[in-house]
There are 2 protein chains.
Amino acid sequence: MKEKMHSGLRFENSTLDEVDARILTALDADARLPTAELARLVGLSAPSVAERMRRLVNEGVVRAYTVEIDSKALGYQIRAMVRIRPLPGKLHLVERLIQETPQFIECDKITGDVPFLARLVVHSIEEMDDVLESLSEHAVTSTAVIKGTSVKRRLPPL
Amino acid sequence: MKEKMHSGLRFENSTLDEVDARILTALDADARLPTAELARLVGLSAPSVAERMRRLVNEGVVRAYTVEIDSKALGYQIRAMVRIRPLPGKLHLVERLIQETPQFIECDKITGDVPFLARLVVHSIEEMDDVLESLSEHAVTSTAVIKGTSVKRRLPPL
DNA sequence: GTTGAAAATAGCACGAA
DNA sequence: TTCGTGCTATTTTCAAC
């Protein structure tokens with residue numbers, strides 16, 4: 001517990017300096033960059049960079065090093081955003097159903113009259129219909145097929 | 001150009017076997033796993049695994065090795081999904097505005113009466129208002145604040 | 001934050017199934 | 001083709017500063 005409990009608003013302790021920002025930017029582009037190469041990029045020694053990376057993970061800034069998959073390349077021809085409004089009393093049941101349906105690869109709980117917004121990947125219209133059908137008894141859904149991407153996932157401003 | 005131009009429907013060439021699936025699953029959990037350790041996990045030699053990783057990248061299955069950032073840890077207290085409907089004739093202008101607003105860290109083009117669905121991160125309500133205000137002249141927006149996550153980003157079924 | 005030495009790893013050529 | 005082995009260069013890690 002080395003948080004500074006000073007005056008007022010303080011929500012996180014991560015004061016990213018320029019070097020951290022450059023490390024994160026580089027890792028965002030290629031998370032498998034060798035630490036040694038990262039070190040050359042930012043002009044520090046490898047142990048320093050390794051230490052910073054550990055710090056960023058411990059602080060929770062870096063939640064994970066992961067892989068970005070192209071679902072189309074796996075045969076999932078269709079991606080869609082599905083808004084899901086459970087029928088009265090079925091909120092938790094529906095949430096469980098979403099979680100247990102692997103074609104939902106992401107689902108946020110949101111404010112407003114529609115509690116869930118989920119990302120769906122399917123091989124075909126038929127599969128999409130199957131998935132939505134499996135919810136139809138417990139929820140009203142509204143589906144928007146993804147036609148393309150305007151902004152590819154990117155880092156927030158650092 | 002070694003694509004097989006055979007008969008009909010063929011959208012991808014990636015026939016993932018069990019080993020590929022396990023490699024992807026492991027890399028999804030930690031993209032910085034050393035190839036040698038991955039090799040031990042899947043029971044192959046390191047060069048074989050390295051070769052498979054190259055293949056997965058070349059086939060487009062792996063779009064990138066990247067980093068998952070916790071925007072809250074960076075001080076972005078609020079995340080929201082924003083549905084954006086440009087006013088007549090302003091579709092391209094609005095798309096450009098979205099792209100040039102770094103607080104939009106993701107934006108899909110979708111079917112339906114609302115062309116854009118964007119993910120927004122901001123430090124405060126005031127900042128959120130600023131961003132939405134900057135669009136208000138050219139588009140109608142509808143914002144749902146993200147209260148939590150039901151399904152964390154995960155791999156599609158392999 | 002740096003340096004330097006030891007251990008682990010990555011990349012490459014080559015041969016085997 | 002796909003995988004394994006042996007080699008060398010590079011990287012990682014840990015210590016001491």
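Note that this is a predicted model, so its numbers are computed, not measured. Just the heavy atoms: all of them, side chains too, but no hydrogens, waters or symmetry mates, feed the values below. Lettering of chains follows the sequences in order, A, B, ..., and the numbering in each one begins at 1.
In this model, a donor atom of one side chain and an acceptor atom of the other lie less than 3.5 Å apart for B:Glu95 and A:Ser150.
Note on B:Arg55: nothing from the nucleic acid sits closer than 4.0 angstrom, heavy atoms only.
Extent of DNA chain C lying under 4.0 Å from chain B heavy atoms, first and last nucleotide in 5' to 3' order, is C:dT9 to C:dC12.
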**OP:** List the protein contact pattern of nucleotides 7-17 of chain D with one symbol per nucleotide (5' to 3'): B for base contact, S for sugar-phosphate-only contact, - for none; contact means a heavy-atom distance under 4.0 Å.
**Re:** ----SS-B---

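Take B:Ser71 and apply the side chain to side chain donor-acceptor pair (under 3.5 Å) test, not counting sequence neighbours, and it matches no residue.
Of the possible donor and acceptor atoms, none in the side chain of B:Thr66 sits under 3.5 Å from a partner among the backbone N and O of A:Ala29. Using modelled atom types, one side-chain atom of A:Arg32 and one backbone atom of B:Leu33 make a donor-acceptor pair closer than 3.5 Å. Distance alone, capped at 3.5 Å, places no donor-acceptor pair between the B:Glu51 side chain and the B:Pro47 backbone. Looking only at distances, no side-chain donor or acceptor of B:Asp30 sits under 3.5 Å from a matching main-chain atom of B:Leu27. Put simply, the side chain of B:Thr101 gets close to the backbone of B:Leu97: a donor and an acceptor are under 3.5 Å apart.
The two residues A:Val114 and A:Ile110 come nearest to each other via the heavy atoms O-CG1, 3.1 Å.
Atom CG of B:Leu44 and atom P of D:dT2 are 12 Å apart (whole Å). The distance from atom CG of B:Asp20 to atom P of D:dT1 is 17 Å, rounded to the nearest whole Å.
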